[in-house]
Amino acid sequence: MDRPDAAPGTPSAAARAEWRDIVARYQQPSVRRSVTQLAMTLLGLAGAFVAMHFAMRVSYTLVLPLSFVAAGFLVRTFIVMHDCGHGSFFKSRRANDLVGFVTGALTLTPYAQWAKDHAIHHATSGRLDKRGYGDIETLTVGEYLSLGRLGRLKYRLYRNPAVLLVLGPVWLVLKQRVHTPGSAGRREILGVHLTNLTALLMLAAASLWVGPREVAALYVPSILIAAAGGIWLFYVQHQYERAYWASGEEWDYATAAVEGSSFYRLPRVLDWMTGSIGFHHVHHLSPRIPNYYLRKAHDENPYFHRAHRLTLRESVHAFSLRLWDEERNRMIGWREIPRAALRA
């Protein structure tokens with residue numbers, strides 16, 4: 001496989017066989033570990049909301065810090081749903097679909113629709129001619145320069161971190177209340193409606209217990225923080241300077257997975273809360289590996305060590321990258337666009 005800063009190429013048959021043999025060793029889920037993880041996640045989420053409920057009796061200022069804890073458990077709940085969507089959390093498809101639907105309702109995510117769109121993302125990640133599903137919108141320098149003033153303004157606003165992380169979570173929560181045109185079949189459309197109904201019933205039951213105002217005061221900030229965290233994670237997993245983008249026959253699945261997905265090195269607490277999704281290069285190479293085996297797969301195989309390593313501090317810089325420069329084969333910021341090209 002080529003270095004991250006090299007031109008994209010197609011690995012040999014031997015290289016393809018190598019990575020298939022590697023990932024096959026980690027693809028069998030453990031029922032014990034999955035059930036334990038599910039129980040700890042849901043109990044932790046419930047405990048965070050109970051703590052917020054009692055904190056609210058003292059002062060709402062005590063609730064806000066706890067909302068970050070609840071948001072962390074919502075992210076972890078989402079990761080369980082995410083694994084179920086890949087069929088990697090349980091061996092049984094029925095068990096995956098049941099747990100995926102429930103955890104999806106808790107995170108306001110229509111499980112069937114999301115799983116279908118996310119599978120398309122995995123199949124096309126890093127492919128310039130197949131953008132549009134589950135991606136942060138990314139234009140090439142040429143595409144950006146071909147836009148008019150209004151088009152450039154819209155793209156600049158979209159790629160602004162404040163828009164992505166503040167307005168983005170609100171848009172994400174609202175957008176998932178309806179099915180995605182073009183990718184939804186009957187199962188996905190029904191799933192969206194059932195998720196909305198289930199979420200409403202859950203919120204209604206909680207409102208009968210503690211009142212609608214308290215439910216809104218506890219759940220809304222938690223889900224929005226969790227959504228912002230999810231956007232942050234997804235952004236830095238594929239948006240960094242030496243990311244991988246290619247078109248047509250030049251695109252290769254394994255190269256896109258390992259070189260186009262970052263190894264986001266998070267502190268242990270954040271790694272636990274995010275279900276080790278920072279080992280995204282491993283996950284993209286084989287989404288059938290359960291989240292609790294991702295670290296093990298990375299640590300035991302030098303094949304994965306060539307992935308681009310990203311720290312928390314470095315991930316902040318990733319938000320200054322806006323466009324894919326096809327000539328330089330890397331992501332660039334606004335200031336790197338030639339002024340003469342902007343005036344053209």
N/O donor to acceptor pairs below 3.5 angstrom from side-chain atoms of residues 200-218, sequence neighbours left out:
{"residue": "Ser207", "atom": "OG", "partner": "Leu203", "partner atom": "O", "Å": "2.7"}
{"residue": "Glu214", "atom": "OE2", "partner": "His53", "partner atom": "ND1", "Å": "2.4"}

Counterpart residues, salt bridge (Lys or Arg N to Asp or Glu O under 4.0 Å), relative to [X] (two or more places apart):
X	result
Arg93	Asp97
Arg322	none
Asp299	none
Arg159	none

The criterion is side chain to side chain contact (heavy atoms under 4.5 Å, CB included); which residues satisfy it with [X], sequence neighbours excluded?
X	result
Leu165	Ile231, Trp232, Phe319
Tyr158	Ile136, Glu137, Leu164
Phe279	Phe263, Asp271, Ser276, His281, Val282, Leu294, Arg295, His298
Ser320	His317

CD1 of Ile223 to CG of Leu108: how many Å apart, nearest 0.5 Å?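 Ile223 atom CD1 to Leu108 atom CG measures 4.5 Å (nearest 0.5 Å).
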
Report task. To the nearest 0.5 angstrom, please state how far the OH atom of Tyr26 sits from the OG atom of Ser88. Result ->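 So the OH of Tyr26 and the OG of Ser88 are separated by 16.0 Å.
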
Does any donor atom in the side chain of Asn301 or Arg25 lie under 3.5 Å from an acceptor atom in the other side chain?
-> yes

Distance alone, cut at 3.5 Å: any donor-acceptor contact between the side chains of Tyr264 and Ser315? yes

Contacts of Tyr240 meeting ring pair (Phe, Tyr, Trp, His ring centres under 6.0 Å) (sequence neighbours excluded), chain-then-number -> His308

Practice item. Test Glu143 against Arg131 for salt bridge (Lys or Arg N to Asp or Glu O under 4.0 Å), laying out the working first. Key: CA-CA 13 Å; Glu143 289 168 343; Arg131 285 167 286 173; 2.7 Å; yes

Quick one: does [X]'s side chain have a donor or acceptor within less than 3.5 Å of a partner on [Y]'s backbone?
X	Y	result
Glu259	Ala256	no
Tyr253	Leu285	yes
Thr109	Ala105	no
Asn96	Ser92	yes
Gln113	Pro110	no
Gln176	Val173	no
Arg152	Arg149	no
Ser261	Val258	no
Tyr292	Ser30	yes
Arg187	Ala112	no

* Asked: Step by step, would you call Val102 with Thr198 a side-chain contact (heavy atoms from CB on, under 4.5 Å)?
  -> CA-CA 8 Å; Val102 173; Thr198 303; over 6 Å; no

Can Ile332 and Ile337 be said to form a side-chain contact (heavy atoms from CB on, under 4.5 Å), step by step?
-> CA-CA 8 Å; Ile332 66 170; Ile337 304 173; 4.2 Å; yes

Centroid separation under 6.0 Å, is that true for the rings of Trp334 and Tyr144? yes

Shortest non-hydrogen contact from [X] toward [Y]:
X	Y	value
Ser34	Phe90	CB-CE2, 3.7 Å
Tyr219	Leu106	OH-O, 2.7 Å
Asn329	Trp324	OD1-CZ2, 3.1 Å
Ala55	Leu62	CB-CB, 4.0 Å
Glu188	Gly185	OE1-N, 2.7 Å
Glu327	Asp325	N-OD1, 2.9 Å

- request: Evaluate side-chain contact (heavy atoms from CB on, under 4.5 Å) for Trp245 paired with Trp251, printing each intermediate quantity in order.
  value: CA-CA 8 Å; Trp245 288 95; Trp251 181 86; over 6 Å; no

Practice task
Using a cut-off of 6.0 Å, state whether more than 12 heavy atoms not belonging to Phe68 lie near its atom CZ.
Solution key: no

Same cluster for [X] and [Y] if Ile/Leu/Val/Met/Phe/Trp/Tyr side chains link at under 4.5 Å?
X	Y	result
Leu45	Val69	yes
Leu145	Leu147	yes
Val31	Phe89	yes
Trp114	Tyr235	no
Val170	Ile225	no

Report yes if some heavy atom in the side chain of [X] is under 4.5 Å from a heavy atom in the side chain of [Y]; otherwise report no.
X	Y	result
Ser286	Gln27	yes
Val269	Pro267	no
Leu310	Arg265	no
His238	Ser262	no
Gln28	Pro290	no

Without placing hydrogens or testing angles, list every side-chain donor-acceptor pair under 3.5 Å for residues 74-85, not counting sequence neighbours.
{"residue": "Arg76", "atom": "NE", "partner": "Thr41", "partner atom": "OG1", "Å": "2.9"}
{"residue": "Arg76", "atom": "NH1", "partner": "Trp272", "partner atom": "O", "Å": "2.6"}
{"residue": "Thr77", "atom": "OG1", "partner": "Phe73", "partner atom": "O", "Å": "2.7"}
{"residue": "His82", "atom": "NE2", "partner": "His86", "partner atom": "NE2", "Å": "3.4"}
{"residue": "His82", "atom": "NE2", "partner": "His118", "partner atom": "NE2", "Å": "3.3"}
{"residue": "His82", "atom": "NE2", "partner": "His283", "partner atom": "NE2", "Å": "3.1"}
{"residue": "Asp83", "atom": "OD2", "partner": "Asn291", "partner atom": "N", "Å": "2.8"}
{"residue": "Asp83", "atom": "OD2", "partner": "Asn291", "partner atom": "ND2", "Å": "2.8"}

Among residues at least two apart in sequence or on other chains, which ones pass side-chain hydrogen bond (donor to acceptor under 3.5 Å, both in side chains) with Thr311?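 With neighbours one apart ignored, the set is Glu314.
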
| Geometric class of the His284/His122 ring pair [parallel <30°, tilted 30-60°, perpendicular >60°] |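 Rings of His122 and His284: parallel, under 30°.
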
Evaluate side-chain contact (heavy atoms from CB on, under 4.5 Å) for Glu241 paired with Leu321, printing each intermediate quantity in order. CA-CA 7 Å; Glu241 188 173 359; Leu321 303 172; 4.2 Å; yes

